[in-house]
Amino acid sequence: MLPVIYSDEFLDHKTGSFHPEKPERLTAIATALKDAAFAQHIEWRLPTPPQKRSVISVLEQAHTRRYIKKVQEIALSGGGYLDGDTPVSARSYDVALLAVSAWLDGVDAVLETGKPAFVLARPPGHHAESDTGMGFCLFSNAAIAALYALQQPAINRVAILDWDVHHGNGTQEIVEKYSQIAYCSLHQYPCYPGTGHHTEHGFHQNVLNLPFPPGSDIEIYQPIFQNKVLPFLSSFQPDLLIVSAGYDANADDPLASINLQPQDYGLFTDYCLGITRKILFGLEGGYDFDTLSKSVVATIERCVA
């Protein structure tokens, strides 16, 4: 059984009718998974309520108290914006804490079983830096999960693979100073947020940025995956692999210009499973509901095969 950690409360982060990062992303994925041929192999789990675990103490390892308080205050005031792209509604702070808790639950699930888990949560996180949120992201879920994992017995090294079409500037900014965390990003360049140059290697040669030009497809991605991503991750020998699973590199996605297809994410998943079965997948971007849903199905299908 593959755990999928999900709650309807994630729908309560309201972004507005015309915002691409909307609640319907999750309902489309949930419907597709429940209709999938392997649906009986999914174990749906509710995330642990934040008040039942020390979410804030883990959050403070990645974000400043000033920033955390800012998000909370905007929500308490009824809502507002962190920047032009990043709304905070009245329940967004609570929902974002629940999303963080879900990612921590995902780490626990993988370490319990030695097998993959998928966190179906929002808001996404990989653009959120230590002292600011941006790009639809409030808290840096993948980075927080990695720092939490390092506190667990027998976890000495954590790798993060970010295949979202946008560079995870927040994840990199938070984790690059930790020698026990490696970060690898495949992203369109030039594209938002304009970071992720191939010359950036982190404080410990623990960062690998792989920019792709607009129009790139699987014929371009596959050799890069085989010749650069896999050697980088394999040589790091992670005790846990976290995948920032954004699906906005699909050809039909409205926010970028990469030409992947949903089945390509099944191939990426196979590559990851060849490194370790201790993989936590967590949702990041993906804004075309059909290809987003099909891509998540392709990912999980390879994990339960």
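Quantities reported herein were computed from a predicted structural model and do not represent experimental measurements. Values reported hereafter were calculated over all heavy atoms of this structure, with side chains retained and with hydrogens, waters and symmetry mates removed. Counting begins at 1 with the first residue of the sequence.
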Discussion item. By the definition side chain to side chain contact (heavy atoms under 4.5 Å, CB included), identify the one residue from L97, V100, L82 that meets it with L138.
Written reply: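 Of the listed options, the one satisfying the test is L82.
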Discussion item. So, applying side chain to side chain contact (heavy atoms under 4.5 Å, CB included) with I279, which one of T269, L273, V110, L161 is it?
Written reply: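 Per the side chain to side chain contact (heavy atoms under 4.5 Å, CB included) rule, the option paired with I279 is L273, out of T269, L273, V110, L161.
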Practice prompt. With side-chain hydrogen bond (donor to acceptor under 3.5 Å, both in side chains) as the test, would you mind laying out the steps for E129 and Q172 before giving the verdict?
Written response: CA-CA 8 Å; E129 298 184 350; Q172 179 176 320; over 6 Å; no
Student check: side-chain heavy atoms of [X] and [Y] closer than 4.5 Å:
| X | Y | answer |
| --- | --- | --- |
| E24 | F289 | yes |
| W44 | L120 | yes |
| W103 | F139 | no |
| L33 | V297 | yes |
| N209 | H187 | yes |
| I174 | I144 | no |
| T15 | R122 | yes |
| L147 | V58 | no |

Indicate whether the side chain of [X] and that of [Y] have a donor and an acceptor atom separated by less than 3.5 Å.
| X | Y | result |
| --- | --- | --- |
| H126 | T171 | no |
| H127 | N169 | yes |
| E301 | Q263 | no |
| E284 | S244 | yes |
| T48 | D105 | yes |
| Y247 | S293 | no |
| S130 | E173 | yes |
| D217 | Q261 | no |

Report yes if the distance between the aromatic ring centroids of [X] and [Y] is under 6.0 Å, otherwise no.
| X | Y | result |
| --- | --- | --- |
| W163 | Y221 | no |
| F136 | Y192 | no |
| F268 | Y271 | no |

Judged by atom type as modelled, is there a donor-acceptor pair below 3.5 Å linking the side chain of [X] to the main-chain atoms of [Y]?
| X | Y | result |
| --- | --- | --- |
| D264 | L260 | no |
| S101 | L98 | no |
| R277 | C303 | yes |
| R25 | Y287 | no |
| S57 | S54 | yes |
| R45 | I5 | no |
| S89 | K14 | yes |
| T86 | G135 | yes |
| N206 | Y178 | yes |
| D248 | G285 | no |

Worksheet entry | Partners passing salt bridge (Lys or Arg N to Asp or Glu O under 4.0 Å) against D94 (at least two apart in sequence or in another chain) | none
Practice prompt. Could you pull out all residues at least two apart from K177 that satisfy salt bridge (Lys or Arg N to Asp or Glu O under 4.0 Å)?
Written response: none
Group every Ile, Leu, Val, Met, Phe, Trp and Tyr by side-chain heavy-atom contacts under 4.5 Å, then state whether [X] and [Y] land in the same group.
| X | Y | result |
| --- | --- | --- |
| L59 | L280 | yes |
| L233 | F236 | no |
| Y265 | L255 | no |
| Y81 | Y67 | no |
| M134 | Y183 | no |

Worksheet item: I275 and L230: side chain to side chain contact (heavy atoms under 4.5 Å, CB included), yes or no, with the steps?
Response: CA-CA 8 Å; I275 299 169; L230 295 183; 3.7 Å; yes
Practice prompt. Decide side chain to side chain contact (heavy atoms under 4.5 Å, CB included) for S216 and Q188; before the verdict, give the C-alpha distance in whole Å, the side-chain angles of both, and the deciding distance to 0.1 Å.
Written response: CA-CA 8 Å; S216 297; Q188 179 180 321; over 6 Å; no
Fill in: side-chain hydrogen bond (donor to acceptor under 3.5 Å, both in side chains) between T195 and H167, intermediate numbers included
CA-CA 6 Å; T195 55; H167 177 245; 2.6 Å; yes
Discussion item. As a quick check of understanding, evaluate side-chain hydrogen bond (donor to acceptor under 3.5 Å, both in side chains) for N250 and S295, giving each step before the final call.
Written reply: CA-CA 9 Å; N250 272 304; S295 299; 2.9 Å; yes
Discussion item. Within a 6.0 Å radius of atom NZ on K115, are there more than 12 heavy atoms belonging to other residues, nucleotides or ligands?
Written reply: no
Worksheet item: Any chance NZ of K22 has more than 12 other-residue heavy atoms, nucleotides or ligands included, within less than 6.0 Å?
Response: yes
Practice prompt. Over 60° means perpendicular and under 30° means parallel, so classify the ring planes of F281 and F118, tilted if in between.
Written response: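 F118 vs F281 ring planes: parallel.
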Worksheet item: Is the closest basic N to carboxylate O distance between D108 and R53 below 4.0 Å?
Response: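 Here D108 pairs with R53 in a salt bridge, since their nearest N and O are under 4.0 Å apart.
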Item to complete: Decide, yes or no, whether a salt bridge links D131 with R66 under the criterion of side-chain N to carboxylate O below 4.0 Å.
Response: yes
Practice prompt. Measure the OG1-CG distance between T27 and D8 for me, rounded to the nearest 0.5 Å.
Written response: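 Going from the OG1 atom of T27 to the CG atom of D8 covers 9.5 Å.
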Worksheet item: From D239 CG over to K278 NZ, what is the distance, rounded to the nearest 0.5 angstrom?
Response: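 Rounded to the nearest 0.5 Å, the CG-NZ separation comes to 6.5 Å.
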Item to complete: List the steps, then state whether side chain to side chain contact (heavy atoms under 4.5 Å, CB included) holds for L240 with I242.
Response: CA-CA 7 Å; L240 172 69; I242 295 172; 4.0 Å; yes
Worksheet item: Are L210 and C184 close enough, and set up right, to give a side chain to side chain contact (heavy atoms under 4.5 Å, CB included), and what steps lead you there?
Response: CA-CA 8 Å; L210 298 168; C184 176; 4.2 Å; yes
Worksheet item: Closest approach of L150 and R157, non-hydrogen atoms and distance?
Response: CD2-N, 4.1 Å
